[in-house]
Amino acid sequence: MKHIIIGASAAGLACAEQIRKEDKNAEITVLTKESYLPYSRPSISYYLKGVVKEKDMFLRKPSYYKANGIEIVTDSEVKQIDKKAKTVKAGRKVYHYDKLCLCTGSKPFVPPMKNVLGKENALTFLDLKSTKEVKASANSETRAVVIGAGLIGMKAAEGLSKICKSVDVVELSPRILPSILDAKSSKGVKKYIEENGHISFHLGDTVTEAKTKGNRINSVILKSGKELKCDLLILAVGVRPETSLAEGAGLSVDRGIIVDSKTMQTSNSDIYAAGDCTVSVDMLDGSKKIIALWVNAVQQGKIAGSQMAGGSEELGGAYAVNAIDFYGLRICTCGLINASGEQYSDTIIHNGDRYKRLIFEGNRLVGFVLINSSENAGIYTSLIENKTDLSTLEGDITETPSLFLFEKTVRQNKLKGETE
């Protein structure tokens, strides 16, 4: 069997490894438009800060791929998929496949702004190449402006604050990290970052145009009319699934690539997809969404690889989970952070820089926000994933839940399932 995987990040590598695990004789070729072997995307912010060296970012040693019969072709951008002939074309080379997996990830979303695109000091922050460009452009005299206060923008801002003279963050939302924090916790995190990171925020605002000299931006104008001096502009508004190949091949696409939620198979029986380019079904509320997370991509890649190799592994369910820190402030979130509706309720415990918010749907925990309170994040995550009936637990889980009681409940639920 010939397997082609397009994309060599979390999903692509997991897919290749799972194929090899289940089929020792399969031909596995991974095509990536990047110039690097698979590396840790979450590490790019640490590389920018100088905490992690480039050589330590790679997920496997080069010898690993040779030893496991996984061919990774770098600088190889696939431009076309021919479903009928079962081929993909990268440059002048044509690759034949029996099974194909699209792990094309995401691409930066850049909103319309006057005099911004194409300027040499307007950069994105999504992969190792762009991060190297950012690092090479920043120094102690640089006045940086970051557009976007989501996860990508905030990690870029944190890294730049260690290097630059000043960092301004512009965000259209009225709060920072809107996808993972509620209004109250976001306010506290913003204050902490302002005090510890010396970052200036401009919320509820956006960049409309840039003033330039030659091919460089020297200031940006906000919708509010404010002007910010700018030597380096980071475009981190967000990302969108990279679906152009799938669309060109006539696969079903609706924001992301449509896949079977258990097998990762696309609308073509010989083509699979995994990772940030796909639409996931949130196991907690059944909604279809893009869950662009490393852990989710790895799990989907494994399932796709198993199915491609003739295995039977299926995806158990997807949900959002994040663990991140800013200037020593630890943030863990999971599940339905922004759930709305009469069926949901929450409990908040706030004490200084410690914040805990638990979100419930009836007797089930469906989400949490933990700030400097992550001691029981694993237990809470398991309660969410297992859809545990909290009425079976003793005590109040908003306090410190007993691991013993939790394990007892899991055993009871397991026995109940075995006898039903």
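A salt bridge is defined here as a Lys NZ or Arg NE, NH1 or NH2 lying under 4.0 Å from an Asp or Glu carboxylate O, and Glu158 with Lys155 meets this definition. The pair Lys226-Asp205 does not count as a salt bridge, with every side-chain nitrogen at least 4.0 angstrom from each carboxylate oxygen. For Asp231 and Arg143, the salt-bridge test passes: some basic side-chain N is under 4.0 Å from an acidic carboxylate O.
Side-chain atoms of Thr104 come within 3.5 Å of backbone atoms of Glu242 as a donor-acceptor pair (strictly under, hydrogens ignored).
A heavy-atom distance below 4.5 Å is found between the side chains of Ile176 and Ile193. The closest side-chain heavy-atom distance from His202 to Asp168 is below 4.5 Å. Residues Ile5 and Cys103 meet the side-chain proximity criterion, which asks for heavy atoms closer than 4.5 Å. You'll find the side chain of Leu160 reaches within 4.5 Å of the side chain of Leu232, heavy atoms only.
Contacts of Tyr97 classified as ring pair (Phe, Tyr, Trp, His ring centres under 6.0 Å), with partners at least two apart in sequence or in another chain: none. Residues passing the salt bridge (charged side-chain N to carboxylate O under 4.0 Å, His left out) test with Lys165, sequence neighbours excluded: none. With sequence neighbours left out, Met283 forms a side-chain contact (heavy atoms from CB on, under 4.5 Å) with Tyr319, Lys387. Taking Lys211 as the reference, Glu227 meet the salt bridge (charged side-chain N to carboxylate O under 4.0 Å, His left out) condition, with sequence neighbours excluded.
With 3.5 Å as the limit, one finds a donor-acceptor pair spanning the side chains of Ser161 and Tyr327. If you check the side chains of Ser287 and Asp285, you find a donor sitting under 3.5 Å from an acceptor. Side-chain polar atoms of Glu314 and Ser312 form no donor-acceptor pair below 3.5 angstrom. Between the side chains of Asn115 and Thr212, no donor-acceptor pair is found at a separation under 3.5 Å.
When all heavy atoms of Ala320 and Ile291 are compared, the closest pair comes out as CA-CG2, 4.2 Å. The nearest pair of heavy atoms linking Tyr95 to Ala90 is CE1-CB, 4.2 Å. Shown here for Ala157 and Val169, the closest heavy-atom pair between the two residues is CB-CG2, 3.7 Å. Scanning all heavy atoms of the two residues, the minimum distance from Ser137 to Leu123 falls at OG-CD1, 3.8 Å. Residues Glu171 and Gly150 approach most closely at OE1-N, 4.1 Å, considering heavy atoms. Here the closest heavy-atom approach between residue Lys288 and residue Arg255 is recorded as O-NH1, 4.4 Å.
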Dump the intermediate steps for salt bridge (Lys or Arg N to Asp or Glu O under 4.0 Å) on Arg330 and Asp325, then the final yes or no. CA-CA 4 Å; Arg330 186 66 173 169; Asp325 66 87; 3.8 Å; yes
Derivation and outcome, salt bridge (Lys or Arg N to Asp or Glu O under 4.0 Å), residues Asp182 and Arg357: CA-CA 9 Å; Asp182 54 86; Arg357 176 174 177 247; 3.7 Å; yes
Please walk me through it: do Lys190 and Glu194 pass salt bridge (Lys or Arg N to Asp or Glu O under 4.0 Å)? CA-CA 6 Å; Lys190 172 179 174 289; Glu194 286 172 332; 2.8 Å; yes
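Atom OG in Ser166 sits 10.0 Å away from atom CD in Glu141 (nearest 0.5 Å). Rounding to the nearest 0.5 Å gives a distance of 12.0 Å between CD1 of Ile234 and CD1 of Ile152. The distance from the CG atom of Leu329 to the CD1 atom of Ile324 is 11.0 Å, given to the nearest 0.5 Å. Distance OG/Ser269 to CD/Gln307: 12.5 Å, rounded to 0.5 Å. The line from CG of Leu383 to OG1 of Thr388 is 4.5 Å long, rounded to the nearest 0.5 Å. A distance of 11.0 Å separates CG in Asp346 from CG in Leu365, rounded to the nearest 0.5 Å.
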Identify every side-chain donor-acceptor pair in residues 78-85 under 3.5 Å, counting partners at least two apart or on other chains, and give the distances.
| unit_1 | atom_1 | unit_2 | atom_2 | d |
| --- | --- | --- | --- | --- |
| Asp82 | OD1 | Lys84 | N | 3.1 |
| Asp82 | OD1 | Ala85 | N | 2.9 |
| Lys83 | NZ | Ala249 | O | 3.0 |

Only distances under 3.5 Å count here; give the side-chain donor-acceptor pairs of residues 125-136 to other protein atoms, sequence neighbours excluded, each with its distance to 0.1 Å.
| unit_1 | atom_1 | unit_2 | atom_2 | d |
| --- | --- | --- | --- | --- |
| Asp127 | OD1 | Lys129 | N | 3.4 |
| Asp127 | OD1 | Ser130 | N | 2.8 |
| Asp127 | OD1 | Ser130 | OG | 2.8 |
| Ser130 | OG | Leu126 | N | 3.1 |
| Ser130 | OG | Asp127 | N | 3.1 |
| Ser130 | OG | Asp127 | O | 3.0 |
| Thr131 | OG1 | Asp127 | O | 2.7 |
| Lys132 | NZ | Tyr36 | OH | 3.4 |
| Lys132 | NZ | Glu54 | OE1 | 3.0 |
| Lys132 | NZ | Glu54 | OE2 | 3.1 |
| Lys135 | NZ | Tyr47 | O | 2.9 |

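When each of Val30, Thr32, Leu31 is paired with Val73, the side chain to side chain contact (heavy atoms under 4.5 Å, CB included) condition holds for Leu31 and for no other.
Residue Lys289 qualifies as enclosed at atom NZ: its count of foreign heavy atoms under 6.0 Å is above 12. Under a cut-off of 6.0 angstrom, the local environment of NZ in Lys107 is crowded, with over 12 non-hydrogen atoms contributed by other residues, nucleotides or ligands.
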